[in-house]
Trainee: 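Quick one: structure below, then a few questions.
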Amino acid sequence: MEDSLPKQIFLLPIKVRPVFPGIITPLIVPPGRFIQSIEESSKGAGFLGLILLKEDESDLPSEDNIFQIGVVARILKKINLPDGGMNILVNTIQRFKINSIHTKEPVLMANVSYPEEELGTSKNNIKALMRTLLILTKELAQNNPLFTEDMKLTMMNVNEPAKMADFVCSILNLEKEEYQSVIEAIQINDRLEKVLLFLKKEIELVVLQKKIQEQINDKIDNQQRQFFLREQLKAIQQELGTGEDKTEIKYEKLLERLKSIPVAEEIITEVDREIDKFKNSDPISSDYNVIRNYLDLVDALPWEKPKEKEVNLLHAKKILNRDHHKLEDVKERILEFLAVHKLNPKSKGSILCLVGPPGVGKTSIAKSVAEALGRKFYRFSVGGVRDEAEIKGHRRTYIGAMPGKLISALKITKERDAVILLDEIDKMSQGFQGDPQAALLEVLDPEQNSNFRDHYLDLPFDLSDVLFIATANTFEPIPRVLLDRMEVIQLSGYITEEKVQIFQKYLWKKIFEKNGLNPNSFSMKKETVALLINSYSRESGLRGLEKTFDKLVRKIALKQVLKEKYSKEIREKDLVEYLGTPPFVDDRMTPKVPGTALGLAWTNAGGSTLLIEAVLIPGKGGITLTGQMGKMMEESANIALSFVKNYINNDVLFDKKAIHLHVPDGATPKDGPSAGITMATAILSLVTGQVIAPGFGMTGELTLTGEVLAIGGLREKIVAAKRVGIKKIIFPKDNERAFQEIPDYVKKGVSFYPVTRFEEVEKLVFPKSKGKKK
């Protein structure tokens, strides 16, 4: 047969396990380069080399990821599959060895030889090995129910030692390398010895498996016996009137409690049904613990109507003033909310949503409200939640089902009128497991949540007594239908003067206690505190300031422990020594050359300033935008360019030049519609060569006809402007109502210029300009 086998064959790499000689078997070949190998092979005698891959999932080329010995096979039949693959039926013939790779692309072809099988020992030794293999195979067949009669019959009719070894190895459950070692065993005695070793291991494994199965059966029989004895014991105890199950007594008391409250008939009926199921369940069954957990949850929930608590507004005001500096408009709204509760305890009221940048005290305000009302406080973050089951629970049909966060919160607080904080509500998102924001619609609607139905509890529960407070950095990502169910209270960032007072009243002592230092270890003058804030922590909130001062105090703590000398009064030079070079400087935020203007922006982290730069470049009237601007800012830039072109009526200039508009700090994405007049001012400054008057910052949306439209976040922008020392602010006249609501201490020290058209902006920032309108 060897003489008729080709010296060059197409290779077909296969995964998981090799195919042994003497077997007719189907193979599925996926779409790809090896389909061509089969087609080319079929044109000749149809010989194919089946070779095993070393690693099934490897980035190496096939020729570098194959063993060197495989099995040659002949293609008997082939069927094309709809996905481009192929199903082939092959008859394996004998082993071959790769001498060299003949072709790599587009097909894999090798020069091969066919090693002759040798006994490797005497015929008597081979006969002894053969008999041992036969005995052990029969033993395996008797212990393994997976062996079929056909396999046993085949095993009895195989007389050749080499074929017997191959056949027995093919029916064992081995690792890939173990299979390959038998393929590579050319000497028959070596092959038989390897198969005997693997066969012995398989028999030991089957015997152990059988032993474990017997132990499990004995255990089940023992548990059934215990169950019958336990049931008999219950019947005897019931006859004697003694020894009742404490768990069953607890659930009977739960039923009596629900009937006395009272609650809806549906609840009593369902709980009664679950108790009956619990009594009749086998303690070893899976349903037993499911029912028990469910009844324990029902027992732990506060079904009773909450006791009326006296609302003391003076006490509430005192707590709010104690925990929070300024924020007078926020405190006033919360006191109004509490006053309504005092006059009408049954009033459902509205759901509060505190919106503001990070670190301004949204969570601490919610805690203060809970303390002022004398209620328990529970917070859970809904940021990043994508599964509605987090809100409404899983159905009990699922393994590992749990109630939603709201029912779990009431189970923990054991009060039906708790204050529950839904933190980071703007960071929820819709996932493939449902929409949690839609699940909150029922929760946050006072008209619907009196019959809230959690999927796990599956009973109506009254959430109308719960005071829900949500927090968010911005309300834009919150769906409009959800936002309509809440009353938004906006918290702006703090100005430097506020931060100084908060630092002295709250943070000073807190940071010293955290680091184990005496608050008298050193002192800081008010001017140094202001420098610390303006140069090292300009964010809207207080977290950055807290971290910065914490770092400074740690430096002092280290010096104290090492008994090194340090200044007892921290000054500007000490700040640089302990905290490094200040990251914030004001010089850059002052337009000094034509083509620059300073705008005011609003971000999720509060207000910020944007320096906008424009230069002329070769081109024909277009505009290039850089600095990670969003689509709205790109639209504002194009509107600003079109307006300025029309405004100055200088076609010659724009026929030869284009504008490059840049917003520095390109790593930070920027978007919003309020930079229109700033961009137009920068472009007008560039084309006229005039420098903007010093001290101006501006915000406003611009139309093509020069109208200045209203913007949002005015307070945050004013706070940001004060942080960098801007003394003059231009804003849309349409925002005057919002401007009047801003406290005077925030506006102190700044001049404000409301405008309705761009011509007014030009007169303010270019006082010497006569205008260049057509």
Side-chain angles (χ1 to χ4, degrees), residues 584-601 608-619 621 623-627 629 633 636-650 652-654 656-666 670 674-702 706 708 717-718 720-732 749-774:
F584 299 105
V585 292
D586 294 338
D587 295 342
R588 184 173 161 275
M589 286 299 171
T590 304
K592 296 178 179 178
V593 296
T596 57
L598 190 63
L600 306 178
S608 66
T609 52
L610 292 178
L611 182 65
I612 294 178
E613 303 173 333
V615 294
L616 288 169
I617 58 175
I623 186 166
T624 301
L625 305 173
T626 54
M629 298 187 204
M633 283 192 76
S636 296
N638 283 296
I639 291 170
L641 177 61
S642 298
F643 171 76
V644 172
K645 280 182 178 181
N646 184 58
Y647 189 67
I648 65 172
N649 194 23
N650 188 344
V652 177
L653 172 66
F654 289 105
K656 298 179 180 179
K657 296 290 183 179
I659 301 288
H660 182 166
L661 195 71
H662 177 62
V663 183
D665 194 10
K670 312 165 191 73
S674 62
I677 63 171
T678 315
M679 291 177 171
T681 302
I683 295 171
L684 185 61
S685 168
L686 174 69
V687 297
T688 60
Q690 300 178 87
V691 179
I692 294 172
F696 273 103
M698 62 192 75
T699 178
E701 187 176 357
L702 184 66
V708 180
K717 293 175 180 179
I718 293 173
K722 291 192 70 173
R723 279 201 297 267
V724 299
I726 294 174
K727 301 298 183 185
K728 303 173 184 177
I729 295 177
I730 299 172
F731 70 97
V750 180
S751 300
F752 296 92
Y753 303 90
V755 296
T756 56
R757 292 195 56 80
F758 183 79
E759 289 86 343
E760 300 172 51
V761 178
E762 182 191 18
K763 290 178 182 178
L764 290 168
V765 297
F766 304 126
K768 297 180 181 180
S769 173
K770 297 180 180 179
K772 294 191 177 184
K773 293 176 285 185
K774 55 181 179 178

Trainee: Side chains of Ile730 and Thr699: closer than 4.5 Å at any heavy-atom pair?
Mentor: no

Trainee: Once you measure the plane-to-plane angle for His660 and His662, does it fall in the parallel (<30°), tilted (30-60°) or perpendicular (>60°) bin?
Mentor: perpendicular

Trainee: Hey, does Leu764 have a side-chain heavy atom less than 4.5 Å from the side chain of Val755?
Mentor: yes

Trainee: Describe, in one word, how the ring planes of Tyr753 and Phe696 are oriented to each other, choosing from parallel (under 30°), tilted (30 to 60°) and perpendicular (over 60°).
Mentor: tilted

Trainee: Measuring only between side-chain heavy atoms, which start at C-beta, is Leu600 closer than 4.5 Å to Thr609?
Mentor: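 Side chain of Leu600 against side chain of Thr609, heavy atoms only: contact under 4.5 Å found.
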
Trainee: Enter the distance from Ser685:OG to Gln690:CD here, rounded to the nearest 0.5 Å.
Mentor: 7.5 Å

Trainee: Looking at Lys728 and Pro694, what are the two nearest heavy atoms and their distance?
Mentor: NZ-O, 3.9 Å

Trainee: Which pairs of donor and acceptor atoms, one on a side chain in residues 677-684, lie under 3.5 Å apart (sequence neighbours left out)?
Mentor:
unit_1: Thr678; atom_1: OG1; unit_2: Met698; atom_2: O; d: 3.4
unit_1: Thr681; atom_1: OG1; unit_2: Ile677; atom_2: O; d: 2.6

Trainee: State, yes or no, whether a side-chain contact exists between Glu613 and Pro664 at a heavy-atom distance under 4.5 Å.
Mentor: yes

Trainee: Which atom pair, heavy atoms only, marks the closest approach of Thr596 to Val593?
Mentor: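 Residues Thr596 and Val593, closest heavy atoms: OG1-O, 2.8 Å.
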
Trainee: Any side-chain heavy-atom pair from Asn638 and Ile623 closer than 4.5 angstrom?
Mentor: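 Result yes, sub-4.5 Å side-chain heavy-atom pair found.
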
Trainee: So Leu661 and Ile612, do their side chains get closer than 4.5 Å, heavy atoms only?
Mentor: yes

Trainee: Within the structure provided, determine whether Thr756 and Val708 are in side-chain contact (heavy-atom separation under 4.5 Å).
Mentor: no

Trainee: Can you see which heavy atom on Pro767 is nearest to which on Ala693, and at what distance?
Mentor: CD-CB, 4.3 Å

Trainee: Looking only at non-hydrogen atoms, find the nearest pair between Leu702 and Ile639 and report the distance.
Mentor: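 Shortest heavy-atom separation between Leu702 and Ile639 comes out as O-CG2, 3.6 Å.
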
Trainee: Which heavy atom of Ile659 sits nearest to which heavy atom of Leu686, and what is that distance?
Mentor: CD1-CD2, 3.7 Å

Trainee: Measure across Ala675 and Met633 and return the closest heavy-atom pair with its distance rounded to 0.1 Å.
Mentor: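 So the minimum-distance heavy-atom pair works out to CB-CE, 4.2 Å.
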
Trainee: If we only count heavy atoms from C-beta on, is the Tyr647 to Glu762 side-chain gap below 4.5 Å?
Mentor: yes

